[in-house]
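Order of the sequence lines sets the chain letters (A, B, ...), proteins ahead of strands, with each chain counted from 1.
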2 protein chains.
Amino acid sequence: MTTTDSGVRQRTRRAILEAAAAVWARDFSASLGDIADRAEVSRSTLHRYFPERQALVDALLIDSQARLEEAWNGALAVSSTAIETVENIMAAIVDLADQILFLFSDPTRFVGNPHWTSDEDDGLPDLLRAAQSDGELDPDIDPHFVMGVMYSLIYVTAESVASGTLPRHKAAETAVRIFRHGLSPRS
Amino acid sequence: MTTTDSGVRQRTRRAILEAAAAVWARDFSASLGDIADRAEVSRSTLHRYFPERQALVDALLIDSQARLEEAWNGALAVSSTAIETVENIMAAIVDLADQILFLFSDPTRFVGNPHWTSDEDDGLPDLLRAAQSDGELDPDIDPHFVMGVMYSLIYVTAESVASGTLPRHKAAETAVRIFRHGLSPRS
DNA sequence: GCACAATGACACGTCGGTGTCCCATTTTCA
DNA sequence: TGAAAATGGGACACCGACGTGTCATTGTGC
């Protein structure tokens, strides 16, 4: 706790968080035992780092949101137009698929959780509207539906990478292309 | 059981199956109590129709596959080209979203279940390959990945219809258009 | 080598979902 | 109307996940 967060503690902590994201992204009802197994840690150890289930949920929630925001800002920094920003964000979060799934697969999962930053105040809907105004996305489609398409494309590409159907280096490009072409204005 | 499956029994049975599909499509770990509530039936009644959890799972599995096959055959009957068949199938199964989700959201859910007809022997991959040969779909994309995109589009459109974001009468058209444009060959 | 933190294995008690009865009440139909 | 069918709801035992604790073992820094 003091100076002795010697690499070990941080590494086990990260291993547990990674495992939790990977497991809970697919099945939020998975037991702590499953997560401990995935993290290659005993259930006792898991409980020492996160005394109760909720503590792990909160920690993963905070961590996932932080990493997502980091990716978001990185994408913003290198983009000029709205559609370019959207594409860069998609490309960036393909690597955060587990975290995204954990965060957004069930809209009611974190209601009432003090650590949950509602996705209303991030600028994605506004960004999509801007892309629609620029003539890059079909203006007749609801931005929230577009977000749904984004997330589901993230999901399938990540799943396909995990199962070996899709090579990792093609994942981001593929997802972005389907998104871009599928939602372009009617020609 | 004999001639006396007087409408009543059939209707409650259907109500339970519908409820189970709707609930388990989103969370397969949901309790039988949740399903009974959704079906507006007491838990006792549910147990009378399906003595154990597995019995309900099997019944829903059989029912969902039957309805899917029916939609499949209907789409086949009115289509001539491969891509047309795919589009008609997509349009048809938007209304079966709950059943599709229940059947395919977890690939490992029914392994070993004697009632499970592996999706290897339905012709979807072949159909997609045919559409690729016809120049209607990008030939560089793995058919199984295309199937993933199909299912995820079914999912988002159905979710959006349920949440009121997307009008029902536009659901099928929207899903098909995104699929078609998103996966068309590079131009 | 010695102290001390970290980990793993095990042992409880609690709680919710499940499966099974049983009985009262309502609905259906002859 | 009256019998049969169908349903609702409570009581109970069972089981697995969870939360908490203890104790032995490992390994890390001094």
J.: For Ser42(B), check side chain to side chain contact (heavy atoms under 4.5 Å, CB included) against everything at least two apart and list the hits.
T.: Ser44(B), Thr45(B)
J.: Please name all residues satisfying side chain to side chain contact (heavy atoms under 4.5 Å, CB included) with Glu18(B), sequence neighbours left out, ordered by chain then number.
T.: Arg14(B), Arg67(B), Gln99(B)
J.: Run the side chain to side chain donor-acceptor pair (under 3.5 Å) test against Thr165(A) and tell me which residues pass, sequence neighbours left out.
T.: Ser163(A)
J.: Reckon Thr12(A) has a side-chain N or O less than 4.0 Å from the OP1 or OP2 of dA6(C)?
T.: no
J.: Hey, is the side chain of Thr45(B) poking within less than 4.0 Å of OP1 or OP2 on dT7(D), counting only N and O atoms?
T.: no
J.: To the nearest Å, how far apart are Arg43(B) CZ and dT20(C) P?
T.: 11 Å
J.: How would you summarise protein contacts on nucleotides 21-26 of chain C per nucleotide, using B for base, S for sugar-phosphate only and - for none, with heavy-atom distances below 4.0 Å?
T.: ------
J.: Using side chain to side chain contact (heavy atoms under 4.5 Å, CB included) as the criterion, list what pairs up with Ala15(A), not counting sequence neighbours.
T.: none
J.: Once you apply a heavy-atom cut-off of 4.0 Å, does Arg53(A) come out as touching a base, just sugar-phosphate, or nothing?
T.: sugar-phosphate
J.: Taking only side-chain N and O atoms of Tyr49(A), does any of them lie within less than 4.0 angstrom of OP1 or OP2 on dA6(C)?
T.: no
J.: CG of Leu46(B) versus P of dT18(C): gap in Å, rounded?
T.: 10 Å
J.: Just grab all the salt bridge (Lys or Arg N to Asp or Glu O under 4.0 Å) pairs involving residues 144-161 of chain A, residues at least two apart or on different chains.
T.: Arg26(A)-Glu159(A)
J.: Classify the ring geometry of Trp116(B) against Phe104(B): parallel below 30°, tilted from 30° to 60°, perpendicular beyond 60°.
T.: perpendicular
J.: Sequence neighbours excluded, which residues qualify as salt bridge (charged side-chain N to carboxylate O under 4.0 Å, His left out) partners of Arg168(B)?
T.: Asp95(B)
J.: Which side-chain N or O atoms in residues 126-134 of chain B pair as donor and acceptor under 3.5 Å with protein atoms at least two apart or in another chain?
T.:
{"from": "Asp126(B)", "atom 1": "OD1", "to": "Arg129(B)", "atom 2": "NH2", "distance (Å)": "3.4"}
{"from": "Gln132(B)", "atom 1": "NE2", "to": "Asp138(B)", "atom 2": "O", "distance (Å)": "3.0"}
{"from": "Gln132(B)", "atom 1": "NE2", "to": "Ile141(B)", "atom 2": "O", "distance (Å)": "2.7"}
{"from": "Ser133(B)", "atom 1": "OG", "to": "Arg129(B)", "atom 2": "O", "distance (Å)": "3.2"}

J.: Considering only distance and modelled atom types, tabulate donor-acceptor pairs under 3.5 Å from the side chains of residues 87-94 of chain B, sequence neighbours left out.
T.:
{"from": "Glu87(B)", "atom 1": "OE2", "to": "Arg180(B)", "atom 2": "NH1", "distance (Å)": "2.3"}
{"from": "Asn88(B)", "atom 1": "ND2", "to": "Ser79(B)", "atom 2": "OG", "distance (Å)": "2.7"}
{"from": "Asn88(B)", "atom 1": "ND2", "to": "Glu84(B)", "atom 2": "O", "distance (Å)": "3.3"}

J.: Take the protein atom CZ of Phe50(B) and the nucleotide atom P of dT20(C), then report the distance between them rounded to whole Å.
T.: 15 Å
J.: Strictly by ring-ring contact (aromatic ring centres under 6.0 Å, His included), give each pair with a member in residues 28-54 of chain B just once, sequence neighbours left out.
T.: Trp24(B)-Phe28(B)
J.: If an axis is fit to five pairs at each end of the helix from dG1(C)-dC30(D) to dA30(C)-dT1(D), what is the angle between the two, to the nearest 10°?
T.: 30°
J.: Does anything in residues 13-31 of chain B reach DNA chain D, meaning a heavy atom under 4.0 Å, and if so which residues?
T.: none
